[in-house]
Amino acid sequence: MIRFVDATKVYSNGVVGLKNLTLRIEKGEFVFIIGPSGSGKSTFLKLIMHEEVPTEGEVYVNGYSVHDMPHSEIPYLRRSLGVVFQDFRLLPNKTAYENVAFAMQIVEATSREIRRQVPLALGLVGLSKKAKAYPDQLSGGEQQRVVLARALVNNPAVLIADEPTGNLDPKTSIEIMNLLEEINQRGTTVVVATHEKSIVDAMKKRVVTLEHGEIKSDVKKGSYFDEN
Amino acid sequence: MKIRTMKLLVKEGTNNVIKNKLMSFASIMTVVATLFFLGIILLIAINITSNIEAMKRDLEVTVFLNVNVTNYQRAEVLSYIESKKEAGIISEYRIETKEEMYQNIKESLNDDTLLEGFSVENTAESFYIKLVDPNSSDEIISQISRFEGVNNNNGIGYGKDELDKLEGILKIFNYIIMAILIVLMIISVFLISNTIRLTVFARRHQIEIMKYVGALDSFIRWPFIVEGLLIGFMGAVLSFFLTSQAYQWLQGVINVILTNLKLSTLRIMEFSPVAIRMFIIYSIFGMVIGGIGSLLSVRKHLNV
Ligand SMILES: Nc1ncnc2c1ncn2[C@@H]1O[C@H](COP(=O)(O)OP(=O)(O)OP(=O)(O)O)[C@@H](O)[C@H]1O
Ligand SMILES: [Mg+2]
């Protein structure tokens, strides 16, 4: 599903984002990526979605050789991924429904498919009643649910989230994490980079800890400070 | 590409133009100005060419016979002209008799004292020959000048060289105008690409989301290209309308002036026969300018 083989990312300014990282994430797994600021969590996710390419080593995602990929294939890799960010990145001039539908229009779905799938996705994240609301009429948690619906509407095999709860209060954060867990239980592989110690501890999932771009620990059913 | 996708992309492109009113307006206006200039130049060129062609068709080879020409020599020249007429090289000719020439001279001098000692006998008969193809004049002139009865001292007159010179000058003029036109087009392309750049900037979040969700490059690109094409086309339509109005007004004014100057052989043509061709030229140029402008911007700022 996701495989890093000795992958190194050195940014153009010489800063090392990831160093000789080797890691395997299987289909259906739920993985937390944790570590101090600057340890390479975002870099790891960016390599998965081909926002950055490794300077050395190999990255395989959903059957694509991401490290060595023709430009024309990138859209298809991205369609196999759902992406969620800390800042919600919704289009302010579109309603919740339209924001989710937009993701389907982009991949040229029929309007019948759109009419069927969008309500399902909004239902899954518990936002059916707010379909007509614009982003500025929604709370942070609700906005992040719309983003989740958008990420899921095209049925990606893998969902990657970079600090999805970074802008949310603890209670809402837990709700979002529970939603991610539910999504995972439906068969989607989920990779979450986060700082939320308490949540990671509580959820008992696989935890990969990065430090200075290297894997410090990789623990099944781990917690934030497992290594101690 | 699927029809519904095409509809969506065209709609997005149109929305871009509407949302970006001020810059779109400015871009449309530069296209209008460029095409207006292009059109006027084109129309002037068409008029000059057609007038020169008409003048060439009106040109006459003037052949003077010698004062003491014999009947046989005269018949020789005349039969040569007739044979060339039959061969379809000479379209028509007329003869000016000695009497007619005498009268003409008398009229133009306007003073009988100057004509003292000058009689009909001193004048020569002459032929005025019109050619089917003005370019055959050199050959005809050299053949005709070999006849005994033809007066070579006064020369055989034809205005073609002067017209050729005029055409030469106009050609140089054309190059200068072409250069100005290219500069204008570059300015239009630049302005359109700048307009599209603003749209790209205004839509950067949307573009980013589109990339993350897996939109094809063409899908991201097309709305901006539609925007450029639309700006170009709207500029073309507006400019065509302005050009036709301006031209028709000028045509009337200039034709009146030409008539007053007794230059009525020169005519400014009607607009309607060239209208469709002009509209097509305008649309193509406008859309090429718009298309190139948006392509440049999309390539530079979209990274797709
Ligand atoms: N585009 C970039 N150009 C140069 N250096 C970068 C770039 N992106 C990240 N870095 C550097 O690479 C290192 C890893 O950054 P990364 O964003 O992966 O860390 P992170 O673990 O996500 O941190 P945070 O928890 O603060 O989000 C940092 O030192 C960072 O400064
Ligand atoms: Mg980060």
Side-chain angles (χ1 to χ4, degrees), chain A residues 45-46 48-51 61-62 64 70-85 87-94 98-115 121 135 146-162, chain B residues 1-24 195-228 230 294-304:
Chain A
L45 297 182
K46 282 175 185 169
I48 292 177
M49 60 178 159
H50 199 289
E51 195 179 322
V61 176
N62 295 334
Y64 295 95
H71 191 85
S72 59
E73 272 188 23
I74 297 171
Y76 300 102
L77 163 72
R78 302 248 170 102
R79 286 175 195 195
S80 75
L81 302 171
V83 185
V84 177
F85 298 96
D87 51 343
F88 312 122
R89 303 198 196 179
L90 291 169
L91 293 171
N93 56 345
K94 288 190 195 294
E98 288 164 348
N99 264 288
V100 178
F102 184 62
M104 290 191 78
Q105 288 173 335
I106 285 170
V107 298
E108 304 192 56
T110 65
S111 39
R112 260 187 74 205
E113 288 167 336
I114 293 175
R115 278 198 304 272
V146 179
V147 175
L148 269 173
R150 183 179 68 192
L152 292 171
V153 75
N154 290 325
N155 288 316
V158 175
L159 184 79
I160 55 182
D162 195 352
Chain B
M1 198 182 287
K2 293 167 189 152
I3 301 276
R4 65 170 175 282
T5 307
M6 240 147 72
K7 271 196 210 155
L8 182 77
L9 298 181
V10 169
K11 200 180 120 207
E12 290 277 320
T14 314
N15 279 342
N16 287 355
V17 175
I18 296 167
K19 278 197 187 135
N20 210 350
K21 277 189 203 70
L22 200 66
M23 277 306 287
S24 294
T195 305
I196 308 274
R197 188 179 65 85
L198 285 185
T199 317
V200 171
F201 183 75
R203 299 214 146 194
R204 64 195 181 284
H205 294 304
Q206 182 174 342
I207 293 167
E208 197 181 24
I209 290 166
M210 288 168 88
K211 284 185 185 172
Y212 284 133
V213 178
L216 296 179
D217 291 351
S218 59
F219 194 95
I220 299 177
R221 226 182 268 146
W222 267 104
F224 298 103
I225 299 194
V226 167
E227 182 183 356
L230 204 64
S294 53
L295 261 183
L296 285 181
S297 202
V298 165
R299 292 211 136 187
K300 197 161 157 209
H301 303 287
L302 220 49
N303 297 322
V304 295

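Hydrogens, waters and symmetry mates play no part in the numbers below; they use all other heavy atoms, side chains included. First the proteins, then the strands, lettered A, B, ... as listed; each starts at 1.
Here the straight-line distance linking atom CD of B/Q206 with atom CG of A/L90 works out to 12.5 Å at 0.5 Å rounding. Here the NE2-NZ distance, from A/H50 to B/K211, works out to 12.0 Å after rounding to the nearest 0.5 Å. Distance OH/B/Y212 to CZ/A/R78: 7.0 Å, rounded to 0.5 Å.
In terms of the salt bridge (charged side-chain N to carboxylate O under 4.0 Å, His left out) criterion, A/E51 has no residue partners (sequence neighbours excluded). Every residue two or more places apart in sequence or in another chain was checked for a ring pair (Phe, Tyr, Trp, His ring centres under 6.0 Å) with A/Y64, and none qualifies. In terms of the side chain to side chain contact (heavy atoms under 4.5 Å, CB included) criterion, residue partners of B/T195 (sequence neighbours excluded) are, by chain and number, B/N20, B/M23, B/S24, B/S27, B/E227, B/I231.
Between chain B and the residues A/V107, A/T110, A/L77, A/I74, the largest count of heavy-atom pairs under 4.5 Å involves A/T110. In terms of non-hydrogen atom pairs under 4.5 Å with chain B, the most contact-rich of A/L81, A/V153, A/L91, A/N154 is A/L91.
Minimum interatomic distance between B/L216 and A/Y76 (heavy atoms only, all atoms of both residues): CD2-OH, 3.4 Å. Counting all heavy atoms, side chain and backbone alike, B/I209 lies closest to A/R89 at CD1-O, 3.1 Å. When all heavy atoms of B/G214 and A/I106 are compared, the pair lying nearest together is C-CG2, 4.2 Å.
Residues of residues 98-105 of chain A that come closer than 4.5 Å to chain B, counting heavy atoms only, are A/F102, A/A103, A/Q105, ordered by residue number.
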